[in-house]
Each structure stands twice: as structure tokens, then as C-alpha cells.
Asker: 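The structure's right below; bear with me while I get my questions together.
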4 protein chains.
Amino acid sequence: MMKKKQHRPLGRPKVKSNDIPRNQLILQTAARLFIDNGYQNVSVDDVALNAGVTKATVYYYFDSKSELYKEAIVSLMNRIKERIDRLMEVNKPLYERLYDVTLAHLEATTSIDIEQFLRESKTDLSNEQIQEMKEAEKKIYESIEYAFSDAVTKGEISSINITFATQAYLALIKVGNYKQQDGSGLFSTAEKSAETILTFFWKGLFGTND
Amino acid sequence: MMKKKQHRPLGRPKVKSNDIPRNQLILQTAARLFIDNGYQNVSVDDVALNAGVTKATVYYYFDSKSELYKEAIVSLMNRIKERIDRLMEVNKPLYERLYDVTLAHLEATTSIDIEQFLRESKTDLSNEQIQEMKEAEKKIYESIEYAFSDAVTKGEISSINITFATQAYLALIKVGNYKQQDGSGLFSTAEKSAETILTFFWKGLFGTND
Amino acid sequence: MMKKKQHRPLGRPKVKSNDIPRNQLILQTAARLFIDNGYQNVSVDDVALNAGVTKATVYYYFDSKSELYKEAIVSLMNRIKERIDRLMEVNKPLYERLYDVTLAHLEATTSIDIEQFLRESKTDLSNEQIQEMKEAEKKIYESIEYAFSDAVTKGEISSINITFATQAYLALIKVGNYKQQDGSGLFSTAEKSAETILTFFWKGLFGTND
Amino acid sequence: MMKKKQHRPLGRPKVKSNDIPRNQLILQTAARLFIDNGYQNVSVDDVALNAGVTKATVYYYFDSKSELYKEAIVSLMNRIKERIDRLMEVNKPLYERLYDVTLAHLEATTSIDIEQFLRESKTDLSNEQIQEMKEAEKKIYESIEYAFSDAVTKGEISSINITFATQAYLALIKVGNYKQQDGSGLFSTAEKSAETILTFFWKGLFGTND
DNA sequence: AATGAATGAGATTTCATTCAT
DNA sequence: CATGAATGAAATCTCATTCAT
């Protein structure tokens, strides 16, 4: 990837106590790089360089590249799950809560695609690591699935295939991130986009939009 | 990846006229491997070995790994477009034609995700190669977009946002390929899957399913 | 080197009897490329492409790359020797004949440097091939050495170390081809250059310039 | 070229403080091999093997083969320049100082021929690298040119074309390294050789030898 | 806690050479 | 006579990983 060697003073650096801890810094740097460029296109050196440490330091905190990757992706997914949970806990109609979640996702730069994350790294990851990533993914789904199932239980919406609804919902969100050849999106604003998608989704599920 | 060496003589081989030409064989082998494992996880040696030729033979036919990749993906996309076109040309209501296309996609082992194809290889591909892949992608979209726009023109369906419809349709097909943690799909048969997806899509667009 | 694939019609081409024979064409092409770019920087494919034939055709006429190289260089040196001989045979004072030879060399685009020719290829050439090249080199030297020795015999010049004189003469010619950093030569014209060099050489030998 | 593998442990080696640093060792090894065999005939593996390290170690210290080459040649030229400077600074007549320089060059195994160094590698070197090599070459020339120009200024010798004098001088030194077919030199000792060459040069410049 | 130095294994690519047609 | 197809061997370069300090 990038070349940008920058020498740092020898010896143990003074702890700048206001900084975030090294391992967190590395993890965040790794997450950003991996998501932007993919597992195979980011070397451990890239991560080190961008985090301002040496490769050996990365290995001091993480056992291997695949472990670093798993940790980065899992912690990203955990953050996403928490954000969804927060928005879903609010006391509002399901439609409105879904709207908030949709908007939050459309505004996030990263479109999480777990299939993709696994696909790019599957030759390197251990079964355990794959399992952990799938677990984290499942929790995201469960957050949404729970919201649906809860709304059914409370009679807010009629009974549906919850897994299908969740997957369809997530798939449609990705459509909202679709960029045309000229780089422009499908809709002028994220709000308009969220509205269209959700209207479509709601009609798809219930045949009507109220 | 795999090793399966089998020695073949130097120089030009005796013509076995019944075989498919070498370059086609290589291209098909490459397509399969790239789609299954991703660009970075497949080495040129892997392609060669699986095609039963040597690495040098691959380079005899293709200038570089990225060129081989581009060719493999583009020819795959061309085949998909042709299959869609054939199914869309039939004289049947749009809904039924879409059903056939959906079914065909669900039964195909490969779920094409062009974003992914580009993402995995973007550091290696030239702008020209990227452009060619996007061109091929666009043609697939256009096949579907044309079917929508034609149906609108003929008054078969009411006016819609055709690009959004197309992307939503494709996204929902991918949901049909979704496998749960235990490896089972969402629906028992491809037909049931296609029906559910298409019903959802149609209601999403028109608020009703007829 | 260059990439410039150009397809030629299949099958045996009609003989265009006015053309120079294929093997000569290949030899001349090879000579030019080898001299301009060096042995290792020119591939057999480059030679073939530039001669408008296929690599296999080159191998039809020449046993190996090193053989082609040897032939190209030797025939070049033979041509040079003949040119020198022609100029040296004229019935003029030695000084004037040397002037003609000097001028001819300065005007030739190629500065022959046999050391260099051997150096670049020595790992590839057989002892026999090296010997043949050295033989051809020696003949060039002998042409010049003979002119000196003949002039001594005839009393035209006083006795000198003939081998040293020859090598010094050739070394000084190379100075005439020297280009400064800005690409300009040391003297404005080849004639001025030849004159300066020869004056220097003559004074070096005899301490005076007449 | 040669094979001489000897296993060394992974990771950072125990410090043997008496050894020269690895990068210097590699550079010296590379210089010797490149000068003896030429750029294209020496692989990075050859350099590594001869330096007793692995290829990867070479790449740890040098970005590319061409960079290694440039560094090796430039540092060689710098050493030569310094040797010349040291000999030229002595308070002696120019003729005697030139004699010392000539002798030193004749005794050196390596005859520097920058044209050659560039020619063999030109397809690989970047413009910057070429420039750096030419710069180093120029400094050698300048050392000698300065000695001439200084001697003219001080009235030690009469006015001459300094660039031509320098190039002629260097060309004649190369004659001193000339080996006849049987491997023997032109003169019995380096001292005799230096004397002959310098006498010739001095007469060439001034028409007389005192 | 952090790093500089080193390596093994593997990736892409080039190229001289061969041979059936 | 000439060629297209194929290959073995080697070259350059990358990178995850290790380890003494």
C-alpha cells in the first residue's frame, strides 16, 4: 500500500498519558484500513506505519495478522450492534425506530458486509476466529430480529418471517449506499434515501405503508 | 492452495481436436477459482495447476494476473447478462419473467457481487481494467432496467424509479442466497424462495401483489 | 523491452524475392538491438518482433541467443575491419589515413567496445564463441597495427611500441565520442574533433606534430 | 552464480560488535560482484549468498536491485574520488601527482567505466538513480579537472582544453589495463606502464616531456 | 513495553528453448 | 521454411513472523 517511512526516536518513548492506549490505537487503525482496503490489501506494516508504531509492536499486542483482523472486525460489529440497540430501545413506533437505524447506517461511511469480511480472509482465519466473527454478526441480526419479534408480540405489526425480514432490511440498506457510475447516489439526501427504502420495505412486508 | 502436478512434454502438444482450447480452459478455471476464493487468495500457480498447465502457459495467454481476472469476471458477467436477456425476451407478463430470472439466479452457485470483485483487486487493476468490469456490470443492470422501463411504457406496470427498482431487486436476490449459521437456507426450495422474494419486491414497488 | 504485437497472416508467406534473406535480416536487426541496448537487455523475442518474424524463426536460423549475439557482433566487427582496411590501403601519408579512419569512427553511431560486448554476455557465451569474438577483435587491431608497422618499415615514422600505439589510438577515438552532461560533445564538428585527437596522438607518439 | 547456503537463525542476531554492519557488508559484496560481472549477470540472490545473508535481508536494507546497484557504484566512485583528491593535494609538480594517480589506478583491480555501468542497467534505473550516478562520475572528473586548471592558473603548465585533457587522461589509463590475448599486459610493471602512459599524455598535451 | 534486524516461504513475471505441425 | 503453443528455470520482490535486546 502506502510508502511513508517516518523515523521515530530510539528507546522507550515517554508515556503520553492523555493518548489512547497503544493497543486501542492499533486496533482502530487496523479497522479503518481493513474496512477501506480489505484484508489481503493491508499488510501488518501498513497498520504499524499508520498507527505510528513498528511492526514488532503490533505483534506484541496481537498474535497474528488474522487475530488482529478478527479483533478489529468484531469490535467494529460490536459498536454497530450497540448503536442499533440504542436506537431500537427508544419508545417509538417500530417504523420510526427503523427509520433512525436506516439513517444511521446510510450516514456511516462503512457499509458492513460480513460475507465480504470473511471471504477475503477465510484462507487465513482459524475456525475459532471465523466462529467469533459469525457470532458478532449474529448479534447484529438478533438486535433487529428482536425488534421485529417484539413488535409482533405486542401486536404492533402482523406476523412475519423474521429472519427474512431482517435480511431483506439489511440488503435494502446496502442499496441505499449504491453509487452510480458517475459517483452520485440514487437519492439527493440520506433522509430521502432512508424514506424510500423504508417505504419500500414496509410495503413489501405488509402491502401498505401505514 | 492445492498441488496436483502432472508433467507434460515441452513444446507444442499433439492436437487433441476434441478438447476445448487452452485459453478457454484457463479462463473457466480462473473464473471458478476467483469467484470461490477471491482475487488475492488465488495465485496464478493455482489457476495453472487446476487447469493442468504451467504458470508460463497462463502467461502465454494472459498478460498479467489482473488481466486474467478481468477477463474471467467480464466473461462471467457477459454470460449472466445473456441468460437474463434470454429469459426477459419471452412473451410473458413481467412478473413471470422476473420469477424465471430470480429462479435462475438462486440456482446458480455464484452470487455475483461486482463491488466485491472490484474491491478485492483494486490495488492491482488498471483504470482500463476497472472500466471494462464496470461496463460489463452496467450491461447486466441495463438488461433488467430495460425490462422495467419497457413494462412501464407498455402500461403493464405503473411508473417507478427504475434504477432503485433494479438495485433493490438484485439485493433481494442475494437475500435468497443467505445461509443461516447451520448452513440451511431461509426457504425449503428455490421455488419457494423465489416466490417469497418476488412477492415482497412486487408489493414493495406497487403496494399489492397482482 | 518493447511491446508491439502485430499479427501476421497464417501459413507460409510468399517469398518476396527482392527482400534480403531472412537470416540476414535477423542478423542485422539483432546487431542493432544488441549494440544499442546490450546483450542482456535484448530478448530473443525483441529481435524477432523487430525483424517481423517469430521467435521460432530466429531459432530456426540460429542455435541459441548467444550464437546469434556472437554472429551479430563478429559480422559487425568484420565490417569495421574492412572499412578500416579500405581507408588504410590508400596511397597517402599515415597521418592522413589515420585522420580518415578517425573521422569514419567518430561519425559512426556505434562506438565499438569489445570489452563491453564480452562483459555483458560472458556468463552465456561458450569458450569457442568468446574465442571467435576475440579473433574478430584482434583482426581490427591488426589492421591498424599493420599500418603502423608498415610505416616504420618504410621509414615514414620512427620506431614505436605498436600495440600501445594502437590501443592508445583507439582509446582516444572513444574520447571523441564523449558527451558532456548536457549531451553536447567536446568539439563542434567531427572534423575538429578528429583533428584535435590526432594532433594529440601524434605529439604523444613523436613529441611533435609533423 | 555460486551457491553457498549457510543457515542462520530467525530474528535479531546476537550482537557481534566487532563485525562491520550488515548493510555495509552487503554494499561491499554487491560492489565487487557488480563490477566483476555486470548488473544483469548478478542476481540479488547472488549478492545475498555472497554476503552470507538472505535475499530478504538485502531488501530490508535496499529498496530494489537498482537502488542497491546505484548505491554500490556511487560509493565506489566516491572512494575513488577521495583517493584521487588525497593524491592530488600533495605539494608536488603536477606531473608527479598525476603519476601517483595513474599508478594507483593501474594497481586497482577495477577499471571504472561509468558509461558501461549505466549501459548495463539503464532499463532498470530511474532517472533519479541515473542522475545520482552521473553526479558521482562528474565529481571524479572535477577532481582531475581542478588539478589541471589549478596548474594552469599557477603557471605551472600552459593553457589547455581541460575537459579533453581529463577524458584523454582517463582513456589512456584504461589502455594501461589492456590485456593481450595471452593475458599479459603491455608492460612488465605497473610503474613502467604508468611512466609510458604519462609520457605519452604529457607530450600529447605539450609536445615535449619536461 | 517496544523495537530493529532478520528470515522462510511464496507471489508475480520473464525468457531461452523445444517441438509437432 | 516457419510458426504457435508450451514449458522449466530463474529473477525480482513482498510479507507474516520471530527474537535478542
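Each chain gets a letter, A, B and so on, in the order its sequence line appears, and its residues count up from 1.
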Asker: Checking Ser126(A) now: which residues fulfil side chain to side chain donor-acceptor pair (under 3.5 Å) with it, not counting sequence neighbours?
Answerer: Gln129(A)

Asker: Would you say a side-chain N or O of Tyr60(D) is under 4.0 Å from OP1 or OP2 of dA6(E)?
Answerer: no

Asker: Mind checking what makes side chain to side chain contact (heavy atoms under 4.5 Å, CB included) contact with Glu115(B), not counting sequence neighbours?
Answerer: Asp113(B)

Asker: If the condition is side chain to side chain donor-acceptor pair (under 3.5 Å), which residues does Glu132(D) pass it with, not counting sequence neighbours?
Answerer: Lys70(D)

Asker: Asp45(A) CG to dC13(F) P: how many Å, rounded?
Answerer: 17 Å

Asker: Looking at every non-hydrogen atom in both residues, tell me the closest pair between Thr29(D) and Val47(D) and how far apart they are.
Answerer: CG2-O, 3.8 Å

Asker: Pairs counted only when both distances fall under 3.5 Å, Watson-Crick or G-U: show me the 5' to 3' dot-bracket for DNA chain F, [ ] for pseudoknotted crossings and | for other-strand partners.
Answerer: .||||||||||||||||||||

Asker: Just to verify, what does Tyr39(C) make a side chain to side chain donor-acceptor pair (under 3.5 Å) with, not counting sequence neighbours?
Answerer: Asp124(C)

Asker: Name the residue closer to the 5' end of DNA chain F, choosing between Ser64(A) and Ser66(D) according to the nucleotide with the nearest heavy atom.
Answerer: Ser66(D)

Asker: Under 3.5 Å, is there a donor-acceptor pair between the side chain of Asn41(C) and the main chain of Asn37(C)?
Answerer: yes

Asker: Within this structure, what is the CD-to-P distance between Glu67(A) and dA16(F), rounded to whole angstrom?
Answerer: 15 Å

Asker: Nearest-Å distance, CG (Leu49(B)) to P (dT12(E))?
Answerer: 13 Å

Asker: Which of these nucleotides, dT12(E), dG8(E), dT14(E), is closest to any side-chain atom of Ala56(D)?
Answerer: dG8(E)

Asker: Can you tell me if Arg22(A) touches the phosphate of dA2(E), counting only side-chain N or O atoms and a distance under 4.0 Å to OP1 or OP2?
Answerer: yes

Asker: If the cut-off is 4.0 Å, is Thr54(D) near the phosphate of dT7(E), judged by side-chain N/O to OP1 or OP2?
Answerer: yes

Asker: Would you kindly compare Val58(D) and Lys65(B) by the position of their nearest DNA chain E nucleotide and give the one closer to the 5′ end?
Answerer: Val58(D)

Asker: Asn41(B) CG to dG10(E) P: how many Å, rounded?
Answerer: 15 Å

Asker: Find the distance Tyr39(D):OH to dA11(F):C1' and express it as a whole number of Å.
Answerer: 11 Å

Asker: Identify, with sequence neighbours excluded, every residue that meets side chain to side chain donor-acceptor pair (under 3.5 Å) alongside Lys65(C).
Answerer: none

Asker: Using the closest heavy atom to pick a nucleotide of DNA chain E for each, name whichever of Asp124(B) or Tyr61(A) lands nearer the 5' end.
Answerer: Tyr61(A)

Asker: Nearest whole Å is fine: how far is dC15(F) P from Tyr69(A) OH?
Answerer: 17 Å

Asker: Just how far, in rounded Å, is P of dA16(F) from CG of Leu125(A)?
Answerer: 14 Å

Asker: Taking atom C1' of dG4(F) as reference, at what distance in whole Å does atom NZ of Lys55(C) sit?
Answerer: 11 Å

